[in-house]
Amino acid sequence: QVQLVESGGGLVQAGGSLRLSCAASGVAFSIRTMGWFRQAPGKVREFVADISWSGAGTNYAASVKGRSTISRDNVKNTVYLQMNSLKPEDTAVYYCAVGPRYAWPAREYDYWGQGTQVTVSS
């Protein structure tokens, strides 16, 4: 059974930073692309960033590029999203997702976490 557990969300003031974590189990983590997505109230879920199985390749949405860094630890089966210079428009539920084996960037994702809330106050 695949489990993805996100953590690290919370309330932060604009300009602050957060580091989200997603611990995966029940999946061959080290050979899977991993992604972060977010969904704000009343909006569709959107892509934030992804990272190839080796960590050598990364992609970012334009809205977070330059402010965020995705990384992974294939020993700990964990993917991270470091977010800096946070803005109120970054407020959303953030989800991690498991992508395909040995394929990056991912066209689709197979498993999703429950999400962690990020709220940025102005």
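From a predicted model like this one, the values you see are computed outputs, not experimental measurements.
- Side-chain atoms of Y94 never come within 3.5 Å of backbone atoms of V48 as a donor-acceptor pair (strictly under, hydrogens ignored).
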Starting from the C-alpha separation in whole Å, work towards a yes-or-no answer on side chain to side chain contact (heavy atoms under 4.5 Å, CB included) for R67 and D90. CA-CA 11 Å; R67 302 188 294 122; D90 293 318; 2.8 Å; yes

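- The six-membered or imidazole ring of W112 lies near that of F37, with a centre-to-centre distance under 6.0 Å.
- Residue Q114 holds its CD atom at 9.5 Å from CD of Q3, rounded to the nearest 0.5 Å.
- With hydrogens and angles ignored, the 3.5 Å screen pairs a side-chain donor or acceptor of T33 with a backbone N or O of A103.
- In this structure a side-chain-to-backbone donor-acceptor pair under 3.5 Å is missing from Q1 to G26.
- Here the CG atom belonging to L4 is positioned 7.5 Å from the OG atom belonging to S25, to the nearest 0.5 angstrom.
- The heavy-atom pair separating D50 from P105 by the smallest distance is OD2-CB, 3.8 Å.
- Cluster membership check: I70 shares its hydrophobic cluster with Y111, using side-chain heavy-atom separations under 4.5 Å among Ile, Leu, Val, Met, Phe, Trp and Tyr.
- Between P100 and A106 the shortest heavy-atom distance is CD-CB, 3.3 Å.
- The OG atom of S63 sits 8.5 Å away from atom NZ of K87, with the distance rounded to the nearest 0.5 Å.
- No side-chain donor-acceptor contact under 3.5 Å links T119 to the backbone of L11.
- For the pair S68 (side chain) and K65 (backbone), a donor-acceptor distance under 3.5 Å is absent.
- Side-chain contact check for F29 versus V79: some heavy-atom pair is nearer than 4.5 Å.
- Annotation: cation-pi pair R32/W104 absent, no NZ/CZ under 6.0 Å from the ring centroid and within 45° of its normal.
- In terms of hydrophobic clustering, with Ile, Leu, Val, Met, Phe, Trp and Tyr side chains grouped at heavy-atom distances under 4.5 Å, V120 and V93 are assigned to different clusters.
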How far apart are the C-alpha atoms of V98 and Y109, what are their side-chain angles, what is the distance that settles it, and do they pass the side chain to side chain contact (heavy atoms under 4.5 Å, CB included) test? CA-CA 6 Å; V98 178; Y109 287 80; 5.7 Å; no

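- Taking the centre and axis of the six-membered ring of Y95, the NZ or CZ atom of R38 falls outside the cone set by 45° and 6.0 Å.
- V27 and Y80 fall into different hydrophobic clusters, where Ile, Leu, Val, Met, Phe, Trp and Tyr residues are linked whenever their side-chain heavy atoms come under 4.5 Å apart, directly or through other members.
- Heavy atoms of other residues, nucleotides or ligands lying less than 6.0 angstrom from CD of E89 number more than 12.
- Side-chain N or O atoms of T116 include one that pairs as donor or acceptor with a backbone N or O of G9 at under 3.5 Å.
- Side chain of N84 to main chain of S17: no donor-acceptor pair is present (N/O by atom type, distance under 3.5 Å, no hydrogens or angles).
- The distance from atom NZ of K76 to atom OG of S21, rounded to the nearest 0.5 Å, is 9.0 Å.
- Taken to the nearest 0.5 Å, the CD1 atom of I51 stands 6.5 Å off from the OG1 atom of T58.
- For the atom pair NZ (K43) and OG1 (T91), the distance works out to 10.0 Å, reported to the nearest 0.5 Å.
- Between Y102 and W53, the distance from one ring center to the other falls under 6.0 angstrom.
- With contacts defined as side-chain heavy-atom distances shorter than 4.5 Å, the pair M83/L81 qualifies.
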